[in-house]
Protein chains: 2
Amino acid sequence: MDAIDLTLVELLQGNARLSYAELARQVGLSSPAVHERVGKLESAGVIRGYRADVDPEAVGLGVTAFIGLVEDSGADTDDVLEALRAMPGIESCYFMAGVESFLCMARVGTIAQLEQLILQLNRIPGIASTRTAIALSTKWEDRPQQITS
Amino acid sequence: MDAIDLTLVELLQGNARLSYAELARQVGLSSPAVHERVGKLESAGVIRGYRADVDPEAVGLGVTAFIGLVEDSGADTDDVLEALRAMPGIESCYFMAGVESFLCMARVGTIAQLEQLILQLNRIPGIASTRTAIALSTKWEDRPQQITS
DNA sequence: AGGGTCAGGTCGATGGCGTCCACGGACTGT
DNA sequence: ACAGTCCGTGGACGCCATCGACCTGACCCT
């Protein structure tokens, strides 16, 4: 990960569809050299993939919420995780420090669907309680992280 | 947004670097037709861009935290937002229902940097208090949303 | 010091791709 | 019926991705 790799990562974070030729121009290398560097960044796991950034509201997912989950004492965390993973609408899931073992970011179409989702969550064995916070608007999301190393 | 557009969005969500020729093969259209459809999805704002998905830990951002912010009574929300936006490390920011006006997702390199970030947040005029929850691990993140419409 | 090895670059060739343009069929409103 | 519009196809052309061959400098071992 030298300075050129860093620039490549930043460029691709900004626009994942840049051609290798364009990347090459930006970093002052030949196109095959860039091709090889990017390939190595991918297989090293630095670049995990390339995603289109889709506006959730434009595809009928207008409701965003964060749901904290408290586990039962003696719950099997792996089972809970599996159940969470099976639920559509849970876009992100973190294992947290604190009383609430999990924090989930959910995206659904309507408040009614959010209600259904919460009911389903409460029905998962091992989950003692849920706490939901609804986002009224997204100020920004997934801003390109500034790379330190 | 017909079924073909939907497929295109899903394909690009999975891999933003697919060629137009490949997309065309998958949906059974010609490459120029796909090119035009994708262009329209972009200018309609359905596709906001294309981003490389970078592993935060691989670039020195091993600490993820969620910070809820309570505003002072009489705080200027726009000013607070501006101050938040100026802070590096705050990757996402939502305006929330509830006592905590904002929920921020922060990504930094170390716990010490998180401490600094929280101190800075508390120093922003208009912010009464902060509440931080630290993620111990990320189970998944930004799972491709299932498109309903 | 000298030579082997390797990582990482350039260059050139070639096949495929992006992109532009002209053209054509199906709907729609008049 | 007819013109206009939308949305597609096919062909052409230049650029790009990708591969192989070769070059160079750093490093190590003797």
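This structure is a prediction, so every number in the text was calculated from the model and none was measured. The chains referred to below are lettered A, B, ... by the order of the sequence lines, with proteins before strands, and numbering in each begins at 1.
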*asked:* Before we go on, tell me: are the rings of A:F95 and A:F102 under 6.0 Å apart, centre to centre?
replied: yes

*Please work out which residues in residues 27-37 of chain B have a non-hydrogen atom less than 4.0 Å from an atom of DNA chain C and list them by number.*
B:S31, B:P32, B:H35

*Could you tell me the separation between the CD atom of B:E42 and the C1' atom of C:dG18, rounded to a whole number of Å?*
14 Å

*Can you check the B:L23 CG to C:dG16 C1' distance for me, whole Å?*
15 Å

_Residue list, side-chain contact (heavy atoms from CB on, under 4.5 Å) with B:D142, at least two apart or on another chain_ = A:R51, A:E91, A:S92, A:D142

*Tell me, which of residues 3-18 of chain B have any heavy atom that sits under 4.0 Å from an atom in DNA chain D?*
none

Ignoring hydrogens and geometry, is there a side-chain-to-backbone donor-acceptor pair from [X] to [Y] under 3.5 Å?
X	Y	answer
A:R25	A:S31	no
B:W140	A:I90	yes
A:R107	A:V63	no

*B:R25 side chain: which of D:dA17, C:dT19, C:dC17 is closest?*
C:dC17

_Give me the atom names and distance for the closest heavy-atom approach of B:A65 to B:T132._
CB-CG2, 4.0 Å

*Polar contact flag, side-chain donor to acceptor under 3.5 angstrom, A:E71-A:T77*: yes

_Can you tell whether the side chains of B:E82 and B:R85 come within less than 4.0 Å, N to carboxylate O?_
no

*If only side-chain N and O atoms of B:K40 are considered, is one of them under 4.0 Å from the OP1 or OP2 phosphate oxygen of D:dC7?*
yes

